[in-house]
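Letters A, B, ... are given to chains in the order of the sequence lines, protein chains preceding strands, and every chain is numbered from 1.
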2 protein chains.
Amino acid sequence: MPTSKDVAQAAGVAQSTVSYVLSGKRPISEKTRKKVEDAIQQLTYQPNAGARALASRRTRVIGLVIPFIPELHMASIMEFVSVIANTARLYDHDILLVTEDEGAPGLQRVVGQQICDGLILMQVEGDDERLPVVRSLHVPVVLIGIPHDPSGLVCIDADFEMAGEQCVQDLAAAGHTVISVLDWQPEVVDRHVNYVERFMSGTNKAAETLGVKVLHLPGGTDREVIGESVDKALAETTGVPAFIAPDGTVQDVLRRVLTSRGLTPGTDVSVIGSASPTLAELQPIPLSTIDLRPAEVSRRAVKIICDLLEAENQGPTESLELVPTVITHRASTLRPPHGS
Amino acid sequence: MPTSKDVAQAAGVAQSTVSYVLSGKRPISEKTRKKVEDAIQQLTYQPNAGARALASRRTRVIGLVIPFIPELHMASIMEFVSVIANTARLYDHDILLVTEDEGAPGLQRVVGQQICDGLILMQVEGDDERLPVVRSLHVPVVLIGIPHDPSGLVCIDADFEMAGEQCVQDLAAAGHTVISVLDWQPEVVDRHVNYVERFMSGTNKAAETLGVKVLHLPGGTDREVIGESVDKALAETTGVPAFIAPDGTVQDVLRRVLTSRGLTPGTDVSVIGSASPTLAELQPIPLSTIDLRPAEVSRRAVKIICDLLEAENQGPTESLELVPTVITHRASTLRPPHGS
DNA sequence: ACGCATCGTCGATACGCATCGATAATCACA
DNA sequence: TGTGATTATCGATGCGTATCGACGATGCGT
């Protein structure tokens with residue numbers, strides 16, 4: 001492997017000059033720049049990351065802490081991971097995987113050994129046990145998810161409250177007066193991620209404003225449970241029933257149950273789920289969706305941490321960013337009556 | 001951040017002694033070891049990864065190249081990623097994410113900058129464009145997937161041929177004489193990953209041995225296509241029809257189509273799919289599965305590369321490892337007749 | 001033509017650790 | 001008690017880059 005010294009020799013300049021050509025931190029004449037760049041090309045020189053980290057005290061690596069809960073919709077987590085990795089490259093950074101299994105000590109490890117300059121935590125719980133450690137780390141950390149006490153932390157997430165409001169508003173506008181909200185599956189609820197309550201609070205808020213009724217019913221992957229929830233909803237509904245199933249897995253089960261009850265989404269029942277546009281279109285009856293915009297959340301998380309790394313002002317920061325959600329009509333919901 | 005020099009000072013020894021205590025590469029008296037370890041504790045010392053990499057020429061980081069194809073079952077990819085990351089930790093290594101978007105230059109980048117000591121490539125295609133680059137890199141690389149020409153490469157994958165054989169053997173034993181195999185979805189087939197043909201070859205081999213007939217039919221996510229495939233299968237089948245759908249997405253569509261044709265898996269049709277045990281049990285009718293053992297493949301991939309890193313014999317290696325698949329009976333297939 | 005500021009480049013040093021050779025301390029054995 | 005072999009530790013050096021101070025070269029104004 002060639003070093004910057006080799007490049008310098010080949011170009012007939014000092015090693016420091018090569019360094020300055022690369023960093024641009026001092027003016028370099030067009031002539032020497034050319035010589036150096038040619039030498040770099042010919043030797044296919046690439047700077048050594050370790051040496052660079054040692055000298056500059058920056059690794060240009062961001063640690064990404066990923067959850068692995070079989071019950072969670074892994075496909076969506078993969079979307080976060082993928083977008084985060086690609087976005088990091090745009091800022092000339094790389095992503096180091098840290099699994100949730102390592103817990104809080106894992107965070108201290110990668111930061112303490114200075115393997116990475118900062119961290120992104122996914123799937124942060126309301127009362128996450130890692131928060132004390134996060135606050136004590138002297139590097140930027142961005143949380144995806146909003147803990148109960150976000151003081152002193154930098155957080156970003158989809159605006160679940162807005163999502164809840166949008167769903168209810170939309171169904172109310174379509175003429176529904178009773179709207180049933182299926183909870184996330186128990187495995188998610190038990191994690192105390194507080195997006196669940198934020199979503200529910202949004203539905204309540206909108207319901208109050210619009211004068212419609214919202215039923216909160218148990219979710220899950222158990223067909224029995226969903227069956228009961230649906231039956232209860234039907235019993236308490238006057239007019240056309242409406243369901244909101246923000247959990248991807250729950251909505252799959254819901255679809256089957258509705259079919260077994262002889263109900264057709266878009267005709268004699270309205271359903272809003274959460275799925276990517278591609279997936280929503282693939283359904284037998286295209287699903288109206290509330291888009292929680294994982295890609296946008298991911299991109300912003302990376303931007304935030306890279307900005308913090310750039311700033312390097314050492315002072316503790318605190319911020320909270322909510323990404324607006326988007327609701328999209330498809331065939332699974334009734335159309336709003338004209339002129340209302 | 002304390003350095004090993006600080007530790008040395010606190011313990012009243014030389015910096016090199018601290019280093020030897022940590023690495024164990026030279027004998028250290030019990031007394032000094034204790035002093036040094038106490039100092040490490042008190043200062044919460046952690047060695048600097050950059051300096052370590054620079055001095056030892058080893059980063060203890062493995063690059064993992066992940067695919068991102070929306071059509072692919074992202075959930076299963078996430079399982080690979082997660083198990084690989086956790087297993088790497090057992091060998092005291094970390095995982096750096098490299099996205100497929102970076103292509104071959106991405107591999108040269110992470111290796112050239114010496115960000116990682118070796119690579120694991122997922123979802124390797126039969127005629128993967130990155131192979132020439134892989135062969136030219138002077139670091140260990142493990143491929144998950146078998147390219148058409150595996151010479152000079154280290155590969156591991158599930159034994160898809162065995163999987164094909166097992167499925168056919170199993171259905172033949174249950175009394176089926178005509179067995180229909182649905183292809184992977186076109187997006188997968190078009191990638192020329194050759195596990196598709198390995199699987200098909202396995203089914204043919206078993207069919208020939210056992211004297212049963214195997215039909216290869218188009219797969220996909222399009223309900224029309226699967227409908228046609230099913231109808232064709234039914235037309236050509238004498239006795240109870242049997243389907244093998246190795247692609248998770250295809251099998252979902254198949255299930256719906258069979259329902260619409262009034263066929264019940266396990267009663268008047270047999271179905272074998274590929275899914276994790278958990279998922280298989282969750283189906284309305286528990287699905288008989290062929291387990292491709294992603295976790296085991298992942299673990300072995302990590303073991304292989306860590307062994308190669310340990311060996312460090314520089315000489316080019318070549319190996320090919322196939323992980324045995326496991327077939328599991330559940331309610332979706334007929335039971336074999338007694339006494340046969 | 002002379003002094004002065006600016007530009008472009010060089011040499012030296014530090015970053016934190018691993019590792020090699022050397023040395024002091026200890027021991028076995030004659 | 002002296003000699004050689006171990007054992008435990010130290011000091012020095014190198015890994016490849018970033019960065020600081022210094023210095024020669026160049027341009028400007030007068």
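The backbone N or O of A:M78 lies less than 3.5 Å from no partner atom in the side chain of A:S82, so there is not a single donor-acceptor pair. In this structure, A:D6 contributes its side chain and A:T3 its backbone to a donor-acceptor pair below 3.5 Å.
Surrounding CD of A:E318 are more than 12 heavy atoms belonging to other residues, nucleotides or ligands, all under 6.0 Å away. Within 6.0 Å of CD in A:Q113 there are more than 12 heavy atoms belonging to other residues, nucleotides or ligands. The number of heavy atoms from other shown groups lying within 6.0 Å of CD (B:E100) is above 12.
In this entry the distance linking CD of B:Q46 with P of C:dC17 reads 11 Å, nearest Å. Rounding to whole angstrom units, CE of residue B:M1 and C1' of C:dC17 are separated by 16 Å. If you take CD of A:Q113 and P of C:dA18, they are 11 Å apart, rounded to a whole angstrom. One can place NZ of A:K35 at 10 Å from C1' of C:dT9, the figure rounded to the nearest angstrom. Atom NZ in B:K31 sits roughly 12 Å away from atom C1' in C:dT26 (whole-Å rounding). Going from atom CZ of A:R58 over to atom C1' of C:dA14 covers 18 Å, rounded to whole Å.
For B:R52, a side-chain nitrogen or oxygen approaches OP1 or OP2 of C:dA18 to under 4.0 Å.
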So which protein N/O to nucleotides 19-23 of chain C N/O distances come out below 3.5 Å?
from	atom 1	to	atom 2	distance (Å)
C:dT19	OP2	B:K25	NZ	3.2
C:dC20	N4	B:Y20	OH	2.6
C:dG21	N7	B:R26	NH2	3.3
C:dG21	O6	B:R26	NH1	2.3
C:dG21	O6	B:R26	NH2	3.3

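To the nearest 0.5 Å, the span separating CD on A:E321 from CG on A:D159 amounts to 11.5 Å.
Contact check for A:V141 versus A:L143: side-chain heavy atoms found under the 4.5 Å cut-off. Under the 4.5 Å side-chain criterion, counting only non-hydrogen atoms from C-beta, B:I120 is not in contact with B:S298.
In this view, A:T32 and A:S29 satisfy the side-chain hydrogen bond (donor to acceptor under 3.5 Å, both in side chains) rule, not counting sequence neighbours. Among residues two or more places apart in sequence or in another chain, the side chain to side chain contact (heavy atoms under 4.5 Å, CB included) test is passed with B:V111 by B:L119, B:L137, B:V139.
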**Request:** Can you run through DNA chain D from 5' to 3' and write each base as (, ), [, ], | or . depending on how it pairs? Watson-Crick or G-U wobble, both distances under 3.5 Å.
**Result:** ||||||||||||||||||||||||||||||
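Each of B:G12 and B:R57 was assigned the nucleotide of DNA chain D with the nearest heavy atom; the assignment lying further toward the 5' end belongs to B:G12. Of the two residues near DNA chain C, A:R33 and B:K5, the one whose nearest nucleotide lies more 5' is A:R33.
Residue pairs satisfying the salt bridge (charged side-chain N to carboxylate O under 4.0 Å, His left out) criterion with at least one member in residues 36-55 of chain B, sequence neighbours excluded, are listed as follows: B:K34-B:D38.
Contacts of A:V18 with the nucleic acid, taken as non-hydrogen atoms under 4.0 Å apart, are absent.
Of all nucleotides in DNA chain D having an atom under 4.0 Å from a heavy atom of chain B, the first and last in 5' to 3' order are D:dA8 to D:dG16.
The side chain of B:S4 lies closest to C:dC17, out of C:dG8, C:dC17, C:dG16.
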